Amino acid sequence: MHKQVVTRFAPSPTGHLHIGGARTAIFNWLFSRHNEGKFILRIEDTDTQRSTTEYTESILESLRWLGIDWDEGPYFQTKRLDLYRAYAEKLYHSGWAYYCECSPEEVERRRQEAFARGLKPKYDGTCRDKGLTPAPGRVLRFRCPQGGITVIRDIIKGSLVFDNSELDDLVLIRSDGMPTYNFSVIVDDITMGITHVIRGDDHVNNTPKQVLLYQALGESVPEFAHVPLILGPDRKRLSKRHGATSVIAYRDMGFLPEALFNYLVRLGWSYGDQEIFTREELVEKFTLEHVGSSASIFDMEKLRWINGYYIRKKSPQDLVDQLIPFLKERGYPERERSYLIRAIQTLQARCVTLSEMADAMDFYMVDEVKYEPQAAEKFLTPDTAGFLKDIIEAISLRDGQFDERALEEFFRRLADERGVKLKVIAQVVRVGLTGRTASPGLFEIMDILGKETVIRRLERALDYATAFQKSATSS
RNA sequence: GGUCCCAUCGUCUAGCGGUCUAGGAUACUGGCCUCUCACGCCAGAGACACGGGUUCGAGUCCCGUUGGGACUACCA
């Protein structure tokens, strides 16, 4: 019989949700879901200087966007201060902690000095045996065992051995009464019944201190799983200077949540050769055993591929709601939903992000298409003016269906009659209709745009080509 | 500096002593498809960091070297 699995994600609201944080959130969520356990959200806001409610909101929003839900919380550490004090008291009375009156500046000075002499820059124990009592301005320090070793069992890394002499008499309660990270985490993890601590690699060195704290408190130690960090292309810890690092930023760039989710899971975790997973599959298949032990580099190109995959895969009906904000952002006039859906269909295989799709969609949205200079120069010229004229005429005179199939037939016959390849006509018309040399299929575009719009645009293109002719001859 | 971690194609990874002349994905190159661009399909190029062991046999186990990274706060 097993204890119910309880995991947690505990960000501090000092910034937007980071890609790396998102991945550890995902791993925790997946692990608890896989084991039918509980997933708790906790906000570590004891750094009152840097924590803001805006960031808290942003983090929650990012989590929701990714489809990560939590069973409890969000808990806020600043609302649990009594709890930390109670545990601190316990440690103080049992002799595991002592008060220290050294000023931060003094401690820092001695630290620098020790470092300069090539020694371990840890607290030198000045107040360790002074028997100081609580008083304003004093911090509470942990009386760290000076000898022996601490072994931590890590699901990903195996056994890690630390020499206690390497450890510090860390501060538990700051002079302002706030608990420090290493202390608040363990009392939270104890009181919330966390069974598995899944977190970033950057916490391994904190772990022995925390284990010692668990032991001093007489509490049992949870399982640990330290997941390797995500690095930038320069192999340094991913940070702002590598570009966008927040999940909000990726959302705003037009990435789909399922794509980012899929990509992040696969970064550092694998299941044979499989690349694409549904959320359900992930819940079913995710285990910590398949998490790799080396750091991985964030690869935008692969994220883009996965995003493109999901864009192609999704129904245009689903896509349209997500796309609309991007269309608004561009100031396009409003269009019927059904019109947008048809337009999206033609662009799904051609766009990687929603943002790119919104850009590529301009000719569906705005009647006065902008001609790409290169395109206009090559295809809207005196040579093609006559051509355009014929086409406009032919289309105008034409009765009957104005749909993709009929149009293709019509254009093929037209090309045949003129004794040219279809592509010769197609490119001219394409530029006239879209302003570009690359676009969705010509006939599906015409079908969607409709006869009147097509004629209007081609006439404008003809004008342009004619004007081109004039300016070419007059100069 | 100290402590800890890591090391398979550029990148993400499969590999858990023999089935590896190392597989997949992405990116790249070429071809096919084709009204353009994509998508799709086919093909190509591309890796076990190095040195010692252990073993009948090592990408896989051990040690060392080198190279990377994290941590070293009254931040989390």
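In what follows, every chain begins at residue 1, and chains take the letters A, B, ... in the order their sequences are listed. Values reported hereafter were calculated over all heavy atoms of this structure, with side chains retained and with hydrogens, waters and symmetry mates removed. Note that the coordinates shown come from a computational prediction; the quantities given were computed from them, not determined experimentally.
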Starting from [atom2] on [N], measure out to [atom1] on [X] and report it in whole angstrom.
X	N	atom1	atom2	answer
F298(A)	U26(B)	CZ	P	17 Å
L422(A)	C33(B)	CG	P	16 Å
Y271(A)	U13(B)	OH	P	18 Å
R153(A)	C5(B)	CZ	C1'	16 Å
K209(A)	U72(B)	NZ	P	7 Å
L433(A)	C35(B)	CG	P	17 Å
K122(A)	A73(B)	NZ	C1'	15 Å
N262(A)	U26(B)	CG	C1'	13 Å

Is [X] touching bases, backbone alone, or none of the nucleic acid, heavy atoms closer than 4.0 Å?
X	answer
V161(A)	sugar-phosphate
F411(A)	nothing
P208(A)	nothing
S184(A)	nothing
R266(A)	base
G200(A)	nothing
H226(A)	nothing
D163(A)	nothing
I297(A)	sugar-phosphate

Taking the [atom1] atom in each of [N] and [M], what is the distance between them to the nearest angstrom?
N	M	atom1	value
U21(B)	A47(B)	P	15 Å
G10(B)	G2(B)	C1'	34 Å
C71(B)	A58(B)	P	39 Å
G15(B)	U19(B)	P	16 Å
C33(B)	A38(B)	C1'	12 Å
C62(B)	G23(B)	P	25 Å
G18(B)	U13(B)	P	23 Å
A45(B)	G30(B)	P	15 Å

For D176(A) and Y263(A), take the nucleotide of RNA chain B holding the closest heavy atom to each; which residue's nucleotide lies nearer the 5' end?
Y263(A)

Quick one: on RNA chain B, does D202(A) or L160(A) contact a more 5' nucleotide (nearest heavy atom)?
L160(A)

Now, which nucleotide makes the Watson-Crick or G-U wobble pair with [N], with each of the two distances under 3.5 Å?
N	value
G46(B)	none
A38(B)	none
A7(B)	U66(B)
C33(B)	none
C71(B)	G2(B)

Looking at [X] and [N], is any side-chain donor or acceptor paired with a base atom of the opposite kind under 3.5 Å?
X	N	value
R430(A)	C35(B)	yes
R350(A)	C37(B)	yes
S175(A)	C74(B)	yes
K302(A)	A25(B)	yes
E275(A)	G24(B)	yes

To the side chain of [X], which of [options] is closest?
X	options	value
S439(A)	U36(B), A27(B), C6(B)	U36(B)
D299(A)	A76(B), U36(B), U26(B)	U26(B)
E166(A)	U3(B), C39(B), C37(B)	U3(B)
V139(A)	C74(B), U36(B), A76(B)	C74(B)
F162(A)	U3(B), U36(B), U13(B)	U3(B)
P121(A)	G1(B), U36(B), U34(B)	G1(B)
D273(A)	C5(B), G24(B), C74(B)	G24(B)

Examine distances only and state if a side-chain atom of S270(A) and a backbone atom of R266(A) form a donor-acceptor pair shorter than 3.5 Å.
no

Give a yes/no on whether any side-chain N or O of [X] is located under 4.0 angstrom from OP1 or OP2 of [N].
X	N	value
R138(A)	C74(B)	no
T437(A)	C37(B)	no
R304(A)	U26(B)	no
S294(A)	G69(B)	no
R111(A)	C74(B)	yes
T180(A)	A76(B)	no

Taking the six-membered ring for Trp, are F27(A) and F286(A) parallel (under 30°), tilted (30 to 60°) or perpendicular (over 60°)?
tilted

Could you tell me if the side chain of V139(A) sits less than 4.5 Å from the side chain of L172(A), heavy atoms only?
no

Would you say the side-chain atoms of [X] and [Y] include a donor-acceptor pair closer than 3.5 Å?
X	Y	answer
D201(A)	H226(A)	no
T126(A)	R110(A)	yes
T346(A)	Y364(A)	yes

When you measure from the centre of the six-membered ring of [Y], is the NZ or CZ of [X] closer than 6.0 Å and no more than 45° off the axis?
X	Y	result
R279(A)	F261(A)	yes
K314(A)	Y310(A)	no
R141(A)	Y123(A)	yes

Option among Y99(A), Y98(A), Y87(A) that satisfies the ring-ring contact (aromatic ring centres under 6.0 Å, His included) test with Y92(A):
Y99(A)

